[in-house]
Amino acid sequence: MVKIERTNGENAKIAIASLEKEKQKKNGNYNASEIFDAINEIFHGKCYLCEQRGFYQVEHLIPHKGNKDLEFEWNNLFLACPHCNNIKRDKYTPILDCCKVDVDQKIAFRKHGYWGTEEYLEFTALSGDAETKMTVKLLEEIHHGSTPQKQAEAKILYVKIVKSMRTFKNYVLEYEAAKGQTKLDTLELIKLELKSTSEFTAFKRWLIRDAKEKYPELQQYCQ
Ligand SMILES: [Zn+2]
């Protein structure tokens, strides 16, 4: 999870107007195509919880439970994958709002180990507030699963994280090997991978943050 800028561009304005209209209807739809398209654009096609890209659904940060104000509130609509949406439901609330908070400054996202059994993902709360603690619990269930089906889905997600991190680490190694020479291409790739538009950005940023002494010059791209 990383901070996502909820921009108010043209598509967002159209979506907000549509939400107002849908709210007045008896069976209004917060998932109308213009609303979905605007949300999909803002979240870069990524699930805001696990940061994998795919074909997703609009979900409510604060469960609406039939409350129309919450159901059709633009700032309460997020893009989530079925795996995360299904785990979150009404069980995990309140959690951090990634459109307002730098989540990866409040939680450390770490992938430990290499090649096999000693590998694991770790989520560390860096602040003691209730939302941060609840978000850590949610992330743990998303990434470890609590039922056989959810464990199988978490395993598939894990493989995607490992692959993405491997590519990212290779860029960093290439950058390291070329230090002192002008190797701008790799640096540009690293910068792209550390942006909120990339998949699994929080893990990549923490890889660089944990190597602060080795890569002081890369810290500025972890914002
Ligand atoms: Zn997800």
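For ligands, and for the atoms within them, numbers begin at 1 and follow the listed sequence.
A salt bridge is absent between Glu71 and Lys68; no separation between the charged side-chain nitrogens and carboxylate oxygens falls under 4.0 Å. Salt-bridge annotation for Glu199 and Lys160: absent, with no side-chain N of the basic residue lying under 4.0 Å from a carboxylate O of the acidic one. Lys106 has a carboxylate O that lies under 4.0 Å from a charged side-chain N of Asp129, or vice versa, which qualifies the two as a salt bridge.
Not one N, O or S atom of His83 sits under 2.8 Å from the Zn ion (ligand 1).
A distance-only check finds a donor-acceptor pair linking the side chain of Thr147 to the backbone of Lys150 [under 3.5 Å].
Centred on the Zn ion (ligand 1), the SG atom of Cys81 and the SG atom of Cys50 lie at an angle of 110°, reported to 10°. Rounding to 10°, one obtains 110° for the angle at the Zn ion (ligand 1) between SG (Cys47) and SG (Cys84).
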